[in-house]
Number of protein chains: 2
Amino acid sequence: MNIGTTFHLCQDAVMAPKKTSTPRREDSLTRDRIIEAAIELLDSTGEGGLTFRSLSERLATGPGALYWHVANKDDLVNAACDAIVARTLADGAGGATPGDSIRELALALFDAIDRHPWVGSALAAAHGQLPMVRILERIGRQVRALGVPEEAQWATVSVLLNYILGVGGQNAANGQFARTHGIDRDAFLAALSSRWLALDPEEFAFTRSFADRLPAHDDRADFLAGIDVILDGIASAHAR
Amino acid sequence: MNIGTTFHLCQDAVMAPKKTSTPRREDSLTRDRIIEAAIELLDSTGEGGLTFRSLSERLATGPGALYWHVANKDDLVNAACDAIVARTLADGAGGATPGDSIRELALALFDAIDRHPWVGSALAAAHGQLPMVRILERIGRQVRALGVPEEAQWATVSVLLNYILGVGGQNAANGQFARTHGIDRDAFLAALSSRWLALDPEEFAFTRSFADRLPAHDDRADFLAGIDVILDGIASAHAR
DNA sequence: ACCTGAACACCGTTCAAGT
DNA sequence: ACCTGAACACCGTTCAAGT
C-alpha cells in the first residue's frame, strides 16, 4: 500500500474546457491513485461527499472504470482508512517506556482522526480488517512490554483499543455533524451546552452540572487522561 | 432536533385501554407506532433493512405519511435507539456498590447492543443526543458516588462511556457483517482467525499469537474485564 | 389535521461495447 | 488488459392533491 504517486487536480481551472475537448488523464488509473483521490475527497467533502460519480469525475473517467481496481465502496473506504492508519503508525518513534509508547500511539491516532474524521467511522465499521489489526498489533506489543501476564493480555489490549475506537467514533460524529451543519467546533459545543441546560434539572442533574464547562474543555487532554486511567488500572492489576 | 419529546413505551401493557378521549382511530399512525415498527424492522433485517418504503409498507401507508410524524431518517433511528436505551436503563435495579452499579449498567448496555446491533452504530452517530445523555447521566452519578473528585469526574465518566461505546460499535460491526454475509458468530470468528493466521509472521507476531484463541474467547467476559481495569484505574488514582 | 403516491435528485453497481 | 457510459434497481425527501 505504498502511495507516493503525485497527481494534480485542476479544480481551480476556472475556464471551462471546450465542448470538443474532454478532460484527459495524464497517466493511467491505479488503485493507489484512486485511493489517494478518495482520501482528498473524504477530507474535503466529508463522508457523504465520496461518491463513485464524484470520484470518477475527479479522476476524469467513468464510474465503472473504478471497479476494475476496487471491489466496491467498502473496499475503497477501508483502503483509504488503512492508508491513513499506516502513515500514522509509521511516524511513531516510540517512547521511553511502554506506557509512553502507548500514550504516543493513542495521541497520534487521536490527531489523525481529528484531521480525518471519516477514519473514525471507517475503523468502527471494519472489525478485524487490516487497519484495526495494525493498531491491535502495536498496542499488543506494548502491553507485552508492560509485563502483563499472557492470559490477561488480550483483555488488556481490548480495553485500550476499544477506548481509542470509542473516542475516535465520537470525534468522527462531531466532525460530521459540524460539517453538515456548517458550524465550527465552538459553535457545536455551545449548542450542545445549551441543549443540555434545557434538560430536566432532576433527571439530568449530573449532565447539567457539566454543561457550562463543556465549551471550554479540552478533548485531547481528556482523551489522554482516559488513557492514563486505563494504564493505572493495568499497573494496579499486575503490580510487580 | 426535536427528539426531546416524551413518549411512553407500553411494550408489556398489551391490553391497556386508553381511558382518555382518543379521537384517533386505533390503528392510526403515531410517532410511537412508527418507532416501534422501525425497531422491529431494524432487528429483523438489519441496518440496511430500514427504509421509508419498507417501513411504510409495513404500516400500510405511503412513504410521505411518515414525514408527518418523523423529521427524517436520522430522527427516526435516533428515536428508535433512544427507546431501546431508555428501556435498558429502566431495568437496572442498582448494585450494592457504585462499582457494582457501573458493572451492571455496562453489562445491560452490552447485552442490549448484542440483541440490537444497530443501536451500537446509532449511539456512535449521535453524539450528545438523548440516548447518549441518558447513559452519561447514569455513569456520572455512579462516578460521583465512587468519590471521584469534582475536577476529575468528567474525564472519568468519559473513559467509561467511550469504552462502552467502542465495544458497542465493534459489536454492531460484527453483527452487521455476520448478517450481510449470512454467517453466525462462530463462523465469523473462525474466518477472522484464519485471516489473521495468514498475516506476516514478523509484522503481526502479536496478532497471530492470539488468532487460535479467538474463536473460543468470551466477548462478554472480556468486556467486563475491561470495565474492571478501568475501575481499578479510577480507584488507584483517587485512593482514599 | 393528516395521508397519498407520484416525482425528483440522487446512489452503488453492472455490463455490453469499445480500445 | 483496461476503460466507457448508459442502464438498473434502488435510496431519502418533497409536494400537489386528496380526506
Side-chain angles (χ1 to χ4, degrees), chain A residues 5 7 17 19-35 37-38 41-42 45-81 118 121-122 125-126 176-177 180-181, chain B residues 1-3 5 7 20-35 37-38 41-42 45-80 118 121-122 125-126 176-177 180-181:
Chain A
T5 331
F7 69 98
K19 226 165 51 171
T20 51
S21 65
T22 54
R24 289 298 310 160
R25 286 192 319 277
E26 309 212 333
D27 26 44
S28 71
L29 231 42
T30 301
R31 182 169 226 261
D32 284 357
R33 265 170 50 80
I34 292 171
I35 291 167
L41 212 44
L42 285 164
T45 61
E47 294 180 38
L50 178 64
T51 283
F52 274 84
R53 270 165 254 259
S54 66
L55 184 59
S56 66
E57 193 182 350
R58 206 181 177 102
L59 290 165
T61 181
L66 304 176
Y67 281 87
W68 186 263
H69 301 94
V70 148
N72 50 42
K73 194 172 183 182
D74 280 350
D75 179 33
L76 175 60
V77 172
N78 195 59
C81 174
W118 52 272
S121 323
Q176 181 61 20
F177 184 90
T180 54
H181 292 71
Chain B
M1 204 61 55
N2 182 20
I3 32 85
T5 48
F7 65 96
T20 54
S21 60
T22 59
R24 305 272 159 270
R25 266 178 45 218
E26 190 181 11
D27 61 341
S28 79
L29 231 42
T30 300
R31 183 170 227 259
D32 284 358
R33 264 170 52 80
I34 292 172
I35 291 167
L41 212 44
L42 284 163
T45 62
E47 294 181 40
L50 178 63
T51 285
F52 274 84
R53 269 166 255 261
S54 65
L55 184 59
S56 66
E57 192 181 350
R58 204 183 180 97
L59 289 165
T61 180
L66 304 176
Y67 281 87
W68 186 262
H69 301 93
V70 149
N72 50 43
K73 195 173 182 181
D74 280 350
D75 179 32
L76 176 60
V77 172
N78 194 60
W118 53 272
S121 325
Q176 181 61 20
F177 183 90
T180 55
H181 292 72

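Every chain is numbered from 1 and lettered A, B, ... according to where its sequence line falls, protein lines coming before strand lines.
- Although no hydrogens or angles enter the test, the distance criterion places a donor-acceptor pair under 3.5 Å between the side chain of B/S54 and the main chain of B/G49.
- Taking atom OH of B/Y67 as the reference point, atom P of C/dC2 lies 18 Å away to the nearest angstrom.
- Summarising the geometry, the separation between NE2 on A/H69 and P on C/dT13 is reported as 17 Å, rounded to the nearest angstrom.
- Proximity note for A/P63 (side chain, C-beta onward) versus C/dT13, D/dC3, C/dG5: the nearest is C/dT13.
- In terms of heavy-atom proximity, B/R31 sits nearest to B/H69 at NE-O, 3.1 Å.
- Listed by first residue number, the stems of DNA chain C with at least three Watson-Crick or G-U pairs below 3.5 Å are C:4-8 with D:12-16, C:12-16 with D:4-8.
- Closest contact between the side chain of B/A65 and the listed nucleotides D/dA1, C/dT13, C/dC3 involves C/dC3.
- Of the residues in residues 48-56 of chain A, those with a non-hydrogen atom less than 4.0 angstrom from any atom of DNA chain C are A/L50, A/T51, A/F52, A/R53.
- Checking side-chain atoms of B/R33 against main-chain N and O of B/S28 turns up a donor-acceptor pair under 3.5 Å.
- Note: CG (A/L29) to P (D/dG5) measures 13 Å, nearest angstrom.
- We find that CG of A/L41 is positioned 11 Å from P of C/dG12, with the value rounded to whole Å.
- For B/S56 (side chain) and B/R53 (main-chain N/O), a donor-acceptor pair under 3.5 Å exists by modelled atom type.
- With hydrogens and angles ignored, the 3.5 Å screen pairs a side-chain donor or acceptor of B/K73 with a backbone N or O of B/L50.
- Per the geometry, CZ belonging to B/R33 stands 15 Å off P belonging to C/dC2, to the nearest Å.
- In this structure, CD of B/E57 is placed 14 Å from C1' of D/dC10, rounded to the nearest angstrom.
- Rounded to whole Å, atom P of D/dT13 lies 8 Å from atom NZ of B/K73.
- Position along DNA chain D of the nearest nucleotide to A/G64 versus A/W68 favours A/W68 as the more 5'-ward residue.
- For the pair A/N72 CG and C/dT13 P, the interatomic distance rounds to 5 Å; values are reported in whole Å.
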